Participant: 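First the structure, which I've put down as structure tokens, then a few questions once you've had a look.
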Protein chains: 2
Amino acid sequence: MKQVEEILKRNHLSVTDSRQKIMQFFLNSKGALAHADIEKKTGENFDRVTVYRTLQSFVEKGIIHLIPTKDNSIKYALCKDDCEAGHHHDNHVHFICDECSKTICLDDVTVPQVKLPKGFTPQHAEMVVNGICGDCK
Amino acid sequence: MKQVEEILKRNHLSVTDSRQKIMQFFLNSKGALAHADIEKKTGENFDRVTVYRTLQSFVEKGIIHLIPTKDNSIKYALCKDDCEAGHHHDNHVHFICDECSKTICLDDVTVPQVKLPKGFTPQHAEMVVNGICGDCK
DNA sequence: AGTAAATTTGCAACAATGATGCGAAAATTT
DNA sequence: AAATTTTCGCATCATTGTTGCAAATTTACT
């Protein structure tokens, strides 16, 4: 059984053409993807709505996760652990390259804890680092 | 001279009606604001374009700053230091309440440094903490 | 394998968000 | 107070994301 098929089945998703191809696209690309990347760069011609719904279903099942950005663009990423073992959402730091604007999951860098002022109860923390990635130096 | 007028002049911006009122709205509200908040909750009836351009000019001058969010909504915030002393962009942590979804600048909590893998050169880091704020407990 | 049930797709239509050009209006400079 | 610069607001357009629904596909069942 193909890898993509396995991932979909494991996550109780019907194995459809678009889902398989989009999942494959995630597996092939190193960094995070935006909706537009998938629409344009897959080579395929999915309906916009299909792409949205596919991404939604992946997020719901925890296969991909969202990455916050300042510029109002949603990025989705498939984490190493997610696609291999399931729902390992220890939250890691994300890196966005100012040069090539690639977005990368630093799976091994965990978001540090911070001391909040009185009254605030933390639940979840996200951290995004901008800078220059290895490929651009 | 009024406070808002002073802030605008100090930042080399013409003192116009909309800018004054939007700035005042920022000063009055505790948390961060989205474009929609300003359009709807000011009571005023600014043109959508005017609001966009006003916010843009504020961002350019460093009077307000953007806060990254996962859900593709841009939030703008006026920091204590910014409006008093100028461009104090030491980066602080942001807090988003899961209950009331208010977004707050934790001016006194600085984003901690993290050790990145080889090859990555950090330039700037952002951190957003989700949880419950003091008002919602 | 073949059929029924459930899910997904793609189209149309719509809503929200953001950008640009340009003449009119307002603010600043002199 | 006139000239210059900047900003406003309207029209228009592009992009992004959502929803409803019929047709197509996938899955489950015998």
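These numbers come from the heavy atoms of this one structure, side chains and all, not from hydrogens, waters or symmetry mates. Here the structure is a predicted model, which is why all the values come from computation and not from measurement.
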Participant: Taking Asn11(B) for its side chain and Ile7(B) for its backbone only, find out whether a donor-acceptor pair lies under 3.5 Å.
Facilitator: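 Present.
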Participant: Take atom CZ of Phe46(B) and atom C1' of dT7(D), then tell me their distance rounded to the nearest Å.
Facilitator: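 Taking CZ of Phe46(B) and C1' of dT7(D), I get 13 Å after rounding.
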Participant: Going by heavy atoms in the side chains, are Leu55(A) and Phe26(A) under 4.5 Å from each other?
Facilitator: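 Yes; the side chains approach each other to less than 4.5 Å.
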Participant: Under 6.0 Å between the ring centres of His35(B) and Tyr52(B)?
Facilitator: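 Ring centres of Tyr52(B) and His35(B) closer than 6.0 Å.
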Participant: Quickly work out the Lys21(B) NZ to dG9(D) P distance and round it to whole Å.
Facilitator: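 My rounded result for the distance is 10 Å.
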Participant: Considering only NZ, NE, NH1 and NH2 on the basic side and carboxylate oxygens on the acidic side, decide whether Glu5(B) and Lys9(B) come within less than 4.0 Å.
Facilitator: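 Answer for the salt bridge query: yes.
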Participant: For a quick test of reading the model, state the closest non-hydrogen atom pair linking Glu126(A) to Pro68(A) and the distance between them.
Facilitator: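 Heavy atoms of Glu126(A) and Pro68(A) come nearest at OE1-CD, 3.8 Å.
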Participant: Is there a side-chain contact between Val129(A) and Phe120(B) in this structure, where contact means two heavy atoms from C-beta onward sitting under 4.5 Å apart?
Facilitator: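 Not in contact.
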Participant: Write down the distance between CD1 (Ile38(A)) and P (dT15(D)), rounded to a whole number of angstrom.
Facilitator: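 Result: 18 Å.
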Participant: Nearest 0.5 Å please: distance from the CG atom of Asp47(A) over to the CZ atom of Arg53(A).
Facilitator: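 If we round to the nearest 0.5 Å, Asp47(A):CG and Arg53(A):CZ are 8.0 Å apart.
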Participant: Rounded off to whole Å, could you give me the CD1-to-C1' distance for the Ile22(B) and dG9(D) pair?
Facilitator: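 So the CD1-C1' distance, Ile22(B) to dG9(D), works out to 13 Å.
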Participant: Using the C1' atoms of the five pairs at each end, what is the angle between the end axes of the helix from dA1(C)-dT30(D) to dT30(C)-dA1(D), to 10°?
Facilitator: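 The angle separating the two end axes equals 40°.
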Participant: Within the side chain of Ser29(B), is there an N or O that forms a donor-acceptor pair under 3.5 Å with the backbone of Phe25(B)?
Facilitator: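 Such a contact is found between Ser29(B) side chain and Phe25(B) backbone.
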Participant: Given atom CG of Leu33(B) and atom P of dT17(C), what is their separation to the nearest angstrom?
Facilitator: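 Spelled out: CG on Leu33(B) to P on dT17(C) is 15 Å.
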Participant: Within less than 4.0 Å of OP1 or OP2 of dT9(C), is there a side-chain N or O belonging to Thr50(A)?
Facilitator: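 No, because none of the side-chain N or O atoms of Thr50(A) sits under 4.0 Å from OP1 or OP2 of dT9(C).
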Participant: Which part of the nucleic acid does Ser57(A) contact within heavy-atom distance under 4.0 Å: base, sugar-phosphate only, or nothing?
Facilitator: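 Since no nucleic acid heavy atom lies under 4.0 Å of Ser57(A), the category is nothing.
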Participant: Rounded to whole angstroms, how far apart are CG on Asp71(A) and P on dT17(C)?
Facilitator: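 For the pair Asp71(A) CG and dT17(C) P, the rounded distance is 17 Å.
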Participant: By nearest nucleotide on DNA chain C, pick out whichever of His12(A) and Ala36(B) is the more 5' one.
Facilitator: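 Of the two residues, His12(A) wins.
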Participant: For Lys102(B), is there an ion pair with Asp135(B) - N to carboxylate O distance below 4.0 angstrom?
Facilitator: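 Answer for the salt bridge query: yes.
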Participant: Using atom CG of Asp47(A) as one end and atom P of dT19(D) as the other, report the distance to the nearest whole Å.
Facilitator: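 Between P of dT19(D) and CG of Asp47(A): 15 Å.
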Participant: Using whole Å, what does the distance between atom C1' of nucleotide dA14(D) and atom CD of Glu39(A) come to?
Facilitator: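 My rounded result for the distance is 13 Å.
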Participant: Sugar-phosphate means primed atoms, P, OP1 and OP2; the rest is base. With that split, encode nucleotides 18-30 of chain C 5' to 3' as B, S or - using protein heavy atoms under 4.0 Å.
Facilitator: BBBB-----SS--
